[in-house]
Structure formats: C-alpha cells, structure tokens
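Note sheet for the following structure.
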Amino acid sequence: MRPESTEGVGGGGLLVPMAWMYAEYIADELLRTGDLMPPTTLEYRAGRDALALTIFLSDGPVGGRRFQGVVARMDEWRSLTAYGTSWRDWVCTRLDRLEAAAFESGSRSHDPDLELAGAAWRWLEETELLAADLDAMGPASGDPFSAGEAETASVAREYGAGGEEEGPQVWTPAWQLGLPLGHLAMHLF
C-alpha cells in the first residue's frame, strides 16, 4: 500500500495519507457489513483500527474494482488476526521497519500514512476497555433462568436496573478486544 513513487512531491505541498485512509475505509466497511456493534462505540473503533493496521502493514496492493482486491487478500488478513497469532509483535516489527526506512531515507517530510498508523497503534496500546474476563468464567452450564426470567434480566440490565453485572470483567488493552472483532467481521463479510 506504499506509493509507487514519491518523486515530484515537494514544494511544500500537502501530503495526503491515502494508503492509511484506504485501509481505514476497508476496515470500516468490513465492520459495518458484519454489524457487530454500533459505529459510535469504542469497541468499534478498536476493531476498525486493528483491521486498518493489519491492512496497512500487510505487503502488497489492496486496490481493485469493487473490493476484488480486498476479497483476494482476506485469507491473509484472517491468518494475521487469528487467535493465538503474535499479531502485536507483527505490528510492532512492521511499524519499526517502516520508521527505520523513513529515517534512513533522510526525507525531511514525514510520512502522513505512517504517522496515522503510529497514532492508531498508540491508541490501541494505551487505551483500556472494560470487557468480559473470559479466563475467569467457568464452563457453560445449564441456563439458570427460564426464558421469561432471562428476558426480564436482559431488559433490567439494558436500563440499568437490578445492579447485577453480566459476569466478571477486566480492563484490557483496546487491541485485545478490537483484534477478534475485526477477525469476526472478516468472517461475516
């Protein structure tokens, strides 16, 4: 997703982060299609940023007519975001490599794509979201509620009544929540 040539860029012109914006657009479309959560939530942002980083940092072009390039690359992105992969290490390595290449090139202008990707990664690492603690939950046993009681409890939780929580929760870095959401959105595409 890197520009093929940067020659001719100069004269103080505005550098537009097209590669990052395209990666963010693709990630946004994948999440919207999956319809996993409202686009106004922090969880949605975490999923979008994790997917956008995956798309931006993966080698090769994504372009194509009407998502043909996206569909062709989907298996690669799924394997990068799958549970148990070292996605965090992969992101750090790729960002470090791009930053080193930018430094070695001696270019005075900053790469706006790389700056936005770095900002997204910092947000994903530094922001913590409250999520279900899957490690603390035991194996699923029989349903403790009858159908009517479960519906009543659900409505009560939705409107803040009852004071009961849905289970153990833990603060987790945003990328740890966003990565599986992005992965699931790709499967639902």
Show the nearest heavy-atom pair for residues [X] and [Y], with the distance to one decimal.
X    : Y    : value
A117 : L95  : CB-CD2, 4.2 Å
L30  : A185 : O-CB, 3.7 Å
L31  : R48  : CD1-N, 3.1 Å
L36  : L184 : CD2-CD2, 3.7 Å
S58  : E76  : CB-OE2, 3.5 Å
M186 : L51  : CE-CD2, 3.6 Å

- Query: With hydrophobic residues grouped by side-chain heavy-atom distances under 4.5 Å, do L130 and W123 end up in a single group?
  - Reply: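 Unlinked, L130 and W123 end up in two clusters.
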- Run the ring-centre check on W175 versus W90 and record whether the distance is less than 6.0 Å. no
Taking the side chain as everything from C-beta on, heavy atoms only, tell me whether [X] gets closer than 4.5 Å to [Y].
X    : Y    : value
E115 : P17  : no
T172 : D133 : no
Y44  : D49  : no

- Item | From CA spacing to verdict: side chain to side chain contact (heavy atoms under 4.5 Å, CB included), V16, M21 | CA-CA 9 Å; V16 179; M21 289 170 60; 4.2 Å; yes
Supply the atom-to-atom distance [X] [atom1] to [Y] [atom2], rounded to the nearest 0.5 angstrom.
X    : Y    : atom1 : atom2 : result
I55  : E24  : CD1   : CD    : 10.0 Å
T54  : H183 : OG1   : NE2   : 11.0 Å
W171 : Q176 : CH2   : CD    : 14.0 Å
I26  : W77  : CD1   : CH2   : 6.5 Å
L116 : W20  : CG    : CH2   : 7.0 Å
M37  : L181 : CE    : CG    : 4.0 Å

- Task: Run the numbers on L42 and L177 for side chain to side chain contact (heavy atoms under 4.5 Å, CB included), then give the verdict.
- Result: CA-CA 10 Å; L42 290 174; L177 184 60; over 6 Å; no
- Donor-acceptor contact present, side-chain T85 to main-chain T81, <3.5 Å: no
- Item | Test applied, side-chain contact (heavy atoms from CB on, under 4.5 Å); reference residue, L124; option that passes from L53, V91, L179 | L53
